[in-house]
Amino acid sequence: MIYLHLSPGFAPYGPSIPFKAFTFNGGEPHLKLTEELTTTDILITTRLNSFQDVGLLLVATDALRRAGAERISLFVPYFPGARQDRVMIPGEPLTVKVYADLLNAQHYHKITVFDPHSDVAPALLNSVQVIDNHAFVRECLDQIGDCKLIAPDGGALKKIYKLSEALGGIEVVECSKRRDVKTGDLSGFFVSGPDLQGAGCVIVDDICDGGATFIGLADELKKHGAGDLYLIVSHGIFSKGIEPLAAQFKKVFTTDSIREINHPILQQISISTFLSFLK
Ligand SMILES: O=P(O)(O)OC[C@H]1O[C@H](OP(=O)(O)OP(=O)(O)O)[C@H](O)[C@@H]1O
């Protein structure tokens with residue numbers, strides 16, 4: 001197997017098939033393979049953060065097939081549109097299915113995703129492989145030490161209990177929040193259970209976007225007597241930057257699945273660390 005690393009600097013497991021990518025003046029993505037393929041078994045790695053990224057992936061897949069590739073797999077750790085996995089308001093799209101249909105139409109041998117937001121994307125994809133967040137969280141906890149695992153909302157409960165079991169039964173504290181369907185605003189953070197008595201607390205979740213979920217919950221955890229607070233998120237969008245999180249958390253851990261970002265309280269662990277199956 002050889003790799004085609006479509007996102008520069010991302011997931012460099014081995015040398016990439018050489019190519020030149022550029023955008024035409026009209027905005028269309030374009031790509032040209034600059035050497036003949038030495039094998040027909042290819043793994044494409046890419047971030048898919050925009051339709052431009054998807055466009056490049058589709059033309060790259062076509063170029064590979066025309067150059068003789070027979071078995072093409074895809075590694076896309078952050079699956080796009082994953083949070084629009086249900087239609088809450090009439091008139092909205094089911095975005096996760098739009099992306100899944102586009103990728104399924106490419107007939108990839110296997111599509112590998114990392115810690116998807118819900119079961120919906122994996123259920124929609126043909127030949128999918130899901131990598132859970134266990135190895136990633138274990139590596140972060142090795143640096144944090146004793147702590148309680150915080151499940152930020154009802155949607156995270158199933159995953160966090162599985163994680164706790166995989167990590168030897170770390171105590172889970174269940175929390176909840178309310179998100180307004182129309183505005184997306186958050187309210188009503190709730191921490192269950194007795195006073196936390198200064199215990200270190202680690203919120204584990206799949207995505208940090210603006211961070212309101214975690215900042216609101218951090219306030220509530222402190223009111224419940226939490227000690228040092230940590231945040232572990234598989235996919236760091238950080239659309240409002242790290243600074244608001246820095247006021248609440250001693251350290252934030254994430255991967256480079258979406259982008260690279262530098263901040264003194266942020267530790268980014270390369271996604272490639274957890275992908276032994278690719279070697
Ligand atoms: O950083 P933020 O902007 O606060 O967003 C992060 C939160 O958003 C996602 O959940 P979401 O609220 O969409 O969960 P749901 O799918 O259960 O509604 C994600 O799993 C986080 O919990």
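Computation of the quantities below employed the complete heavy-atom set of this structure, encompassing side-chain atoms and omitting hydrogens, waters and symmetry-equivalent molecules. Counting convention: from 1, in listed order, for ligands and their atoms alike.
Checked against a 6.0 Å centroid threshold, the rings of H235 and F114 count as neighbours.
Those atoms of ligand 1 that come under 4.0 Å of a heavy atom in D153, given as number and element, are 22 (O). Ligand 1 places these atoms under 4.0 Å from at least one heavy atom of D206: 19 (C), 20 (O). Less than 4.0 angstrom separates some heavy atom of H117 from each of these atoms of ligand 1: 9 (C), 10 (O), 14 (O), 15 (P), 16 (O), 19 (C), 20 (O). For ligand 1, the atoms closer than 4.0 angstrom to any heavy atom of T213 are 2 (P), 4 (O), 5 (O), 6 (C), 7 (C). Residue contact check: D205 has heavy atoms under 4.0 Å from atoms 19 (C), 20 (O), 21 (C), 22 (O) of ligand 1.
Remark: ligand 1 and G211 share an N or O pair separated by less than 3.5 Å (distance only, no angle test). At under 3.5 Å, a nitrogen or oxygen of G210, whether backbone or side chain, sits near a nitrogen or oxygen of ligand 1.
In this structure, F10 and F75 have parallel ring planes: the angle between them is below the 30° cut-off, well short of the 60° mark. Ring planes of H5 and Y3: parallel class, angle under 30° (limits at 30 and 60°). Taking the six-membered ring where the residue is Trp, Y230 and F253 present tilted rings, their angle falling between 30° and 60°.
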List the steps, then state whether side chain to side chain donor-acceptor pair (under 3.5 Å) holds for Q268 with E260. CA-CA 8 Å; Q268 259 187 320; E260 284 169 84; over 6 Å; no
When you look at D85 and S118, which way does the side chain to side chain donor-acceptor pair (under 3.5 Å) test go after all the steps? CA-CA 8 Å; D85 60 357; S118 70; 2.6 Å; yes
Test salt bridge (charged side-chain N to carboxylate O under 4.0 Å, His left out) on K223 and E220; report intermediate values, then the result. CA-CA 5 Å; K223 285 184 205 157; E220 205 55 32; 3.5 Å; yes
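At a heavy-atom distance under 4.0 Å, no atom of Q84 approaches ligand 1.
Here the protein heavy atom with the shortest distance to atom 17 (O) of ligand 1 is R86 NH2, 4.0 Å. Atom 6 (C) of ligand 1 has as its closest protein heavy atom I207 O, 3.3 Å. When hydrogens are left out, the protein atom nearest atom 13 (O) of ligand 1 is R83 CD, 3.7 Å; that is the closest non-hydrogen contact. Here the heavy atom of the protein found nearest to atom 8 (O) of ligand 1 is R179 NH2, 3.5 Å.
At a 4.0 Å cut-off, at least one heavy atom of A212 sits close enough to ligand 1 to count as contact.
For the residue pair Y78 and T255, no side-chain donor N or O sits within less than 3.5 Å of a side-chain acceptor on the partner.
Of the options R86, K159, K158, a salt bridge (charged side-chain N to carboxylate O under 4.0 Å, His left out) to D119 is made by K158 and by none of the others.
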